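Here the structure comes first, spelled out in structure tokens, and everything after it is commentary.
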Amino acid sequence: MGQYKNLFIDIEECLGDALDRTGMTNEQAINYTVNELANKRDNPFGKDTIRELTEEVMKNWAEEFSK
């Protein structure tokens with residue numbers, strides 16, 4: 001469970017940086033996050049899992065900001 005929680009934290013940090021600091025579009029930020037995290041040596045998760053979770057985080061953020 002710890003690795004899964006760490007993945008969420010990494011996704012939020014990487015995705016946030018991609019959107020805020022580099023000005024990427026949502027899709028670019030998702031692709032960037034997936035590639036960055038999939039290439040980490042200590043990452044046990046595949047690209048499909050990372051993409052799914054990254055898209056979920058993006059969706060949750062959109063819902064929060066639309067309130």
Side-chain angles (χ1 to χ4, degrees):
M1 190 62 155
Q3 289 179 332
Y4 199 70
K5 183 178 179 179
N6 289 340
L7 178 61
F8 266 104
I9 292 168
D10 289 345
I11 287 171
E12 288 184 338
E13 289 176 357
C14 191
L15 190 58
D17 285 345
L19 291 168
D20 292 336
R21 294 191 182 152
T22 65
M24 292 182 185
T25 65
N26 289 354
E27 191 59 35
Q28 288 172 329
I30 290 170
N31 289 331
Y32 173 79
T33 300
V34 170
N35 289 328
E36 285 293 309
L37 297 180
N39 291 327
K40 285 179 72 174
R41 275 186 230 182
D42 61 345
N43 175 39
F45 301 97
K47 279 189 170 186
D48 291 337
T49 300
I50 296 170
R51 175 170 293 282
E52 182 179 318
L53 295 175
T54 302
E55 289 172 350
E56 187 66 30
V57 168
M58 183 73 78
K59 179 183 169 188
N60 290 341
W61 285 357
E63 289 172 359
E64 284 181 32
F65 289 121
S66 66
K67 290 182 180 180

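Because only heavy atoms are used, hydrogens play no part in the values below, and waters and symmetry mates are left out as well, while side chains stay in. Because the structure is a prediction, the values reported are computed rather than measured.
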Verdict with supporting geometry, Glu56 and Ile11, side chain to side chain contact (heavy atoms under 4.5 Å, CB included): CA-CA 10 Å; Glu56 187 66 30; Ile11 287 171; over 6 Å; no

Minimum-distance pair of heavy atoms, taken over all atoms of Met24 and Leu19: O-CD2, 3.7 Å

Leu37 vs Lys47 side-chain heavy atoms within contact, under 4.5 Å: no

Heavy-atom side-chain proximity of Arg51 to Asn31 below 4.5 angstrom: yes

Worked check of side chain to side chain contact (heavy atoms under 4.5 Å, CB included) between Trp61 and Leu15: CA-CA 11 Å; Trp61 285 357; Leu15 190 58; 3.7 Å; yes

Step-by-step side chain to side chain contact (heavy atoms under 4.5 Å, CB included) determination, Thr22 to Gln28: CA-CA 10 Å; Thr22 65; Gln28 288 172 329; over 6 Å; no

Test applied, side-chain contact (heavy atoms from CB on, under 4.5 Å); reference residue, Thr33; option that passes from Leu53, Thr54, Asp10, Asp17: Thr54

Smallest separation among heavy atoms of Ala18 and Tyr32, with atom names: CB-CD2, 3.8 Å

Heavy-atom neighbours of Asp48 CG exceed 12 at 6.0 Å: no

Glu52 side, atom CD; Ile30 side, atom CD1 - distance, nearest 0.5 Å: 12.5 Å

Value rounded to 0.5 Å, distance of CG in Asn6 from CD in Gln3: 7.5 Å

Asn43 and Ile50, any side-chain heavy atoms less than 4.5 Å apart: yes

